[in-house]
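Beneath this line is the structure, given in structure tokens, with notes to follow.
All figures in this text were calculated on a predicted structure; none of them were measured in a lab.
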Protein chains: 4
Amino acid sequence: MTRSAPDPARRSERSRTAVLTAAAELVAEVGFARLTIEAIAARAGVGKQTIYRWWPSKGAVVFDAFLAASENASGSLDLPDTGDLAADLRAVLRPTADELADPGFDNTGRALTAEVVTDPALLREYRERLLDPLLEVTRERLRSARESGEIAPDADLDLAVELLYGPMYYRWLHGLGPLDHGYADRLLDAVLRSLRT
Amino acid sequence: MTRSAPDPARRSERSRTAVLTAAAELVAEVGFARLTIEAIAARAGVGKQTIYRWWPSKGAVVFDAFLAASENASGSLDLPDTGDLAADLRAVLRPTADELADPGFDNTGRALTAEVVTDPALLREYRERLLDPLLEVTRERLRSARESGEIAPDADLDLAVELLYGPMYYRWLHGLGPLDHGYADRLLDAVLRSLRT
Amino acid sequence: MTRSAPDPARRSERSRTAVLTAAAELVAEVGFARLTIEAIAARAGVGKQTIYRWWPSKGAVVFDAFLAASENASGSLDLPDTGDLAADLRAVLRPTADELADPGFDNTGRALTAEVVTDPALLREYRERLLDPLLEVTRERLRSARESGEIAPDADLDLAVELLYGPMYYRWLHGLGPLDHGYADRLLDAVLRSLRT
Amino acid sequence: MTRSAPDPARRSERSRTAVLTAAAELVAEVGFARLTIEAIAARAGVGKQTIYRWWPSKGAVVFDAFLAASENASGSLDLPDTGDLAADLRAVLRPTADELADPGFDNTGRALTAEVVTDPALLREYRERLLDPLLEVTRERLRSARESGEIAPDADLDLAVELLYGPMYYRWLHGLGPLDHGYADRLLDAVLRSLRT
DNA sequence: CTTTAATCGAGACGGTACGTCCCGTCTTTTA
DNA sequence: TAAAAGACGGGACGTACCGTCTCGATTAAAG
């Protein structure tokens with residue numbers, strides 16, 4: 001006898017929102033490791049079962065809270081195409097550096113990373129809802145640049161996006177150095193130099 | 001009345017080894033999240049207090065176990081200088097790709113990453129004992145190449161090592177694609193193209 | 001705004017029966033302590049609210065189920081008056097012993113007892129619907145015997161019924177010994193000996 | 001792999017006492033049904049696991065608390081043998097009636113009864129530690145009376161003790177009437193009348 | 001070569017959180 | 001408007017581990 005799935009139609013929107021808000025607040029206050037489901041439930045004024053009914057894990061709740069915030073605030077996904085590739089990519093890399101450098105983001109971002117790289121289900125969701133779209137718009141812009149001759153006609157776009165985002169992420173995660181606009185620009189230059197022919 | 005520090009001279013080598021071995025086995029079996037101090041103690045045939053006496057946290061034990069293994073197996077830290085920069089870097093990037101692609105390493109590596117990026121103390125130790133030495137020998141090889149004119153005289157070596165390792169790490173953590181020798185070579189080509197002028 | 005009482009006229013007889021049947025089955029299967037309202041509702045194919053609407057407590061449901069069964073099967077309440085007091089009482093005590101000795105009754109009977117002696121409301125209902133009628137017909141038969149001179153004219157009938165039923169109940173509840181016809185007869189002899197003059 | 005039993009030698013007497021005291025207080029305050037293990041642990045200043053380690057159930061804790069109190073206060077088990085059977089038994093039955101009539105005992109006693117008649121393991125312990133000793137000293141006194149000719153030489157002593165205690169217990173449990181010395185005396189008279197010839 | 005002090009295996013302890021079960025209430029939909 | 005269904009806030013369950021704390025029993029240096 002299998003456990004019957006809950007009916008999403010009857011889900012309480014009020015509870016869902018309260019849980020995500022409480023989770024976001026708490027993860028910022030105490031960090032992910034010290035975060036407990038009980039505390040989320042208490043803060044949200046919700047029964048624990050309501051959380052367990054709709055989310056498979058603590059990580060999933062926090063991740064969902066993060067997604068909800070990201071998707072509200074988004075707009076970063078429209079990478080412009082002004083014809084100037086360097087300028088367009090700079091418009092993405094600089095804000096990315098700013099976000100990673102923001103001390104308020106650091107805790108949450110690291111917690112999220114730890115969860116995502118550790119839980120395959122979360123990774124999948126992260127890919128689908130955040131990472132892949134970002135990489136795809138970037139690739140799309142590069143494709144356009146390739147057609148217009150700004151970069152080499154045989155440029156490997158998958159590699160290119162990894163060259164754009166990988167080093168910065170690597171620097172951030174390991175605390176290798178400052179993440180300012182100067183760094184973003186130098187990184188961008190280096191990558192474009194590689195792509196140009 | 002202050003708690004007196006334990007005396008390392010009296011430390012039982014047998015216990016230390018047993019703990020590290022048990023930790024390594026268990027993290028491979030159940031993953032880091034489900035790993036418990038009690039299980040390590042039981043598997044090692046050791047009292048819990050013995051673990052608490054010598055390590056500050058579960059993460060520290062696992063990390064120590066990982067270090068012990070790494071330092072035994074190491075030798076990767078002698079990056080050759082044959083005069084052919086591409087060949088020398090290939091001798092590092094290909095084995096790195098191999099390790100990341102090894103399914104047996106995946107769990108442990110991800111667990112370690114999650115801990116390290118989340119716990120500042122562990123990150124510091126990781127930097128000092130593993131990452132910084134690796135980056136430094138790489139920078140050193142690049143410095144030598146800069147002097148010999150293989151790469152541009154104003155090449156930014158800090159950025160260069162991030163360009164070498166960041167994209168591969170990014171691809172691995174997010175599962176963006178296969179990590180084979182072809183990939184390592186393409187990545188290396190791209191980076192060298194950027195550094196050459 | 002007061003909560004309006006449910007209208008018994010609109011009550012579903014089908015649901016009522018299903019609940020009582022399910023409760024009787026489940027109490028026999030898992031015992032009273034492990035019995036839950038949710039399980040009764042599920043087994044009966046009934047909403048939980050339907051149970052809460054018509055019964056004040058789990059005990060009340062089970063008790064009602066027991067009553068429904070008892071009242072169907074009853075007939076024991078017509079204590080004969082053949083003029084032979086010993087024979088007439090034997091006709092009550094022997095079946096009572098049989099019922100208490102029935103292993104199928106044991107669990108249910110003990111659960112019922114535990115509830116009844118613990119919940120004043122249930123005790124009242126138990127007295128009114130089962131116990132008092134039984135004691136009263138017994139007292140009535142003794143009254144008739146007193147008038148016919150079979151027992152002492154000053155016999156205390158309240159005490160007499162307690163002497164008839166108390167020892168057997170005591171033996172059953174505490175498992176002090178077998179409850180067979182021989183025991184019922186010896187008990188009856190002892191009590192009659194006391195009552196005779 | 002079986003769960004290894006705890007070592008009684010290392011048991012904390014302080015915790016044991018605190019738990020029993022807390023249980024006794026709480027069962028008097030809120031009754032058995034509303035009593036929770038968590039509340040006992042909290043009141044006793046003890047971890048829940050400490051309770052679960054040493055007692056199999058809530059009933060067992062409360063029962064143990066009751067036993068501890070009973071065995072401290074006991075002394076009722078020395079039934080005198082003055083040669084006057086009626087007087088000696090009166091010395092037991094009257095205090096028994098007093099205890100059952102005590103409103104402070106009622107809740108606890110009913111809760112205890114409910115548990116004991118419902119849980120075979122508790123019943124066994126109740127029999128061994130409280131009931132059987134009481135019945136045996138009573139039987140012993142009756143045996144002595146039988147030898148001295150005060151009661152019939154073929155008196156059934158098992159039945160006799162049930163006649164002495166059963167009716168009073170029956171009256172108490174079902175609230176059939178007052179439990180005063182007059183009642184105790186009338187009951188005793190009736191039983192002795194039955195035993196005499 | 002003892003003595004003595006620290007470490008060791010073991011595991012009970014006071015706690016915290018877990019994930020589950022069930023409570024009794026409330027809401028939605030169906031008949 | 002009662003009923004079936006089941007989500008909800010809540011409380012307690014019994015379990016798993018946490019990190020601390022005794023307990024003897026080694027064990028290795030200092031006397």
Whole angstrom is fine here: how far is it from [atom1] in [X] over to [atom2] in [N]?
X     : N      : atom1 : atom2 : result
A:W55 : E:dG19 : CH2   : P     : 15 Å
A:E13 : F:dC8  : CD    : P     : 11 Å
D:R14 : F:dT22 : CZ    : C1'   : 14 Å
D:K58 : F:dG14 : NZ    : C1'   : 14 Å

Discussion item. Hydrogens and angles aside, do A:T21 and A:E25 bring a side-chain donor and acceptor to less than 3.5 Å of each other?
Written reply: no

Got a second to check how far [X]'s [atom1] is from [Y]'s [atom2], nearest 0.5 Å?
X      : Y      : atom1 : atom2 : result
B:E38  : B:K48  : CD    : NZ    : 4.0 Å
C:F32  : C:K58  : CZ    : NZ    : 4.0 Å
B:T113 : B:Y126 : OG1   : OH    : 6.5 Å
C:S57  : C:I51  : OG    : CD1   : 11.5 Å

Worksheet item: Would you say E:dC8 has OP1 or OP2 under 4.0 Å from some side-chain N or O of B:W54?
Response: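 Result: yes.
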
Worksheet item: Is the shortest side-chain N/O distance from B:S15 to OP1 or OP2 of E:dG9 below 4.0 Å?
Response: yes

Discussion item. Which residues in residues 17-40 of chain D have a heavy atom closer than 4.0 Å to any atom of DNA chain E?
Written reply: none

Worksheet entry | Six-ring centre of D:W54, D:R10 cation under 6.0 angstrom, axis tolerance 45° |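 No - D:R10 does not lie over the ring of D:W54 by the 6.0 Å and 45° rule.
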
Discussion item. Do A:L173 and B:L173 make a side-chain contact, defined as non-hydrogen atoms from C-beta onward lying under 4.5 Å apart?
Written reply: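 A side-chain contact under 4.5 Å exists here.
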
Worksheet entry | Aromatic plane relationship, B:F66 with B:F105 - under 30° parallel, 30 to 60° tilted, over 60° perpendicular |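 Answer is tilted, since the angle falls between 30° and 60°.
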
Discussion item. If you go through the side-chain atoms of A:R10, does one of them form a donor-acceptor pair with the base of E:dT27 closer than 3.5 Å?
Written reply: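 Present.
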
Worksheet item: Which ones in residues 42-53 of chain D lie close to DNA chain F, meaning a heavy atom under 4.0 Å from one of its atoms?
Response: D:K48, D:Q49, D:Y52

